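What you see is a predicted model, and the numbers here were worked out from it, not measured in a lab. Naming convention: chains lettered A, B, ... in sequence-line order (proteins, then strands); numbering from 1 in each chain. No hydrogens, no waters, no symmetry mates; every other heavy atom, side chains included, goes into these values.
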Protein chains: 2
Amino acid sequence: MAPTTEALTAERILEATEEALRRHGPAKATVVDVARALGVSHGSVYRHFRTKAALREAVTKRWLDRTSQILAEIARPSSSPPPEALEHWLATLFTAKRHKAGDDPELFATYSVLLDEASAVVDEHVAELVDQLSDIIHRGVMEGDFMTVDGDSVATARAVFHATNRFHDPAYAHEWEQPGIEAEFTTVVTLVLRGLRRRID
Amino acid sequence: MAPTTEALTAERILEATEEALRRHGPAKATVVDVARALGVSHGSVYRHFRTKAALREAVTKRWLDRTSQILAEIARPSSSPPPEALEHWLATLFTAKRHKAGDDPELFATYSVLLDEASAVVDEHVAELVDQLSDIIHRGVMEGDFMTVDGDSVATARAVFHATNRFHDPAYAHEWEQPGIEAEFTTVVTLVLRGLRRRID
DNA sequence: CAGATGACAGATTTCAATATCTGTCATCTG
DNA sequence: CAGATGACAGATATTGAAATCTGTCATCTG
């Protein structure tokens, strides 16, 4: 439909796929649509991605990576004392997700479907985030602010992640518009941070 | 099909509905099925329940109430010191849910569908559970074991409930069979309990 | 000859006709 | 006449035939 002289790269295919998903939704966006948008045959798309599922996974990964990259910045050492960093990290995650869900609900619904299809990609993403949390917590222990559960900062990081599920798991997106949600987030974070804080007694 | 001389009570209809749901699943269990099983016309069922939705809600409520009643027993004063009571309450909730999900996955899937349909019933159930938690926490504050967030034991109870979502929300049921889940539960509960404990410092 | 094509088989989806269900109500019955 | 019935209209679900899509591969082209 829009033939270009440009080489057919994986990147261009991903862009077109994202656009097709945005336009047609997850149920109706086909590989043929993507090929048509690029002005090539669908066979050519299969040269770059083995299956439709692999193509969608790649799109999903890109989307998730955008968030993890922002968070990686906050998890980096040097930024601020671990307790503040942790709070900031959680607040940023919540805000990012909430905006993704609220700003373009249709697109978010589309990605929610993709997320359900691509559990391996999601697992990797979660592992990445838990790693970041674990870094912050470990630093907090080193600096005397935090204590872990059972001396295991990864297990503790996972617990922090799980305890805040309601504020980042897309399954709860429909609750993110409710009025009291900010306060509820703050309460959970306060509780978790208290649980992490080293006790003097 | 099995005509009885017994009067047609709401109770008998609920029983038959549960059975129909068990046999046919949520998608195929019809009011006509229920009536047939009771040997009456479907018009008679509508004398006791205004709509099919109301009938299903009543069944759902019964199912949820079975759990809240068990937990109410644990939340009762006198039983044990609040920290232990809280831990016991959370563990019992997790175990109960896990068994419901694991022992009869098909029936659990059926009820998961009903739960999605009946958000008002679920909200009430959650409110009840949060009340129970709030009682335990309030008692813990009175006895000097706990401190709340912002002096609000209901908000704190809600936070405890949300922080442990992963271990009682049916949306996570598929994760309840995974090997490390027990340890993950314990870690989150430990973290939350630490967060509640009054600090001497 | 690297990369693109499009015909093809089997899988999946769409669509419209058909069947079943929900909820009402005038009528019946003990 | 309290309570049950079943015919009925509109809504929803099922079904099977036709259309479309996925993934492959022999063939083409610059």
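Considering only residues two or more places apart in sequence or on other chains, B/E73 meets the side chain to side chain donor-acceptor pair (under 3.5 Å) condition with B/R76. Not counting sequence neighbours, A/R158 has no partner by the side chain to side chain donor-acceptor pair (under 3.5 Å) test.
Taking only side-chain nitrogens and oxygens, A/S41 never comes nearer than 4.0 Å to OP1 or OP2 of C/dA4.
Tested against A/E11 for a side chain to side chain contact (heavy atoms under 4.5 Å, CB included), the candidates A/L8, A/I13, A/T9 yield a single pass: A/T9.
Where pairing requires Watson-Crick or G-U contacts shorter than 3.5 Å, the helical stems of DNA chain C with at least three consecutive pairs are C:1-30 with D:1-30.
Atoms CG (B/L38) and C1' (D/dG3) sit 15 Å apart, rounded to a whole Å.
Ion pairing between B/R66 and B/E18 holds under the 4.0 Å rule for side-chain N and carboxylate O.
Counted by atom type alone, B/D33 and B/T30 present one or more donor-acceptor pairs between their side chains at under 3.5 Å. Using modelled atom types and a 3.5 Å distance limit, the side chains of A/T67 and A/K100 yield a donor-acceptor pair.
Sorted by first then second residue, the ring-ring contact (aromatic ring centres under 6.0 Å, His included) pairs that include residues 114-137 of chain B, not counting sequence neighbours, number zero. Counting only residues at least two apart or in different chains, side chain to side chain donor-acceptor pair (under 3.5 Å) contacts with residues 45-57 of chain B comprise B/R56-B/E117.
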Under 4.0 Å protein heavy-atom contact, by nucleotide of nucleotides 7-30 of chain D - B base, S sugar-phosphate only: B-------------SBBB------
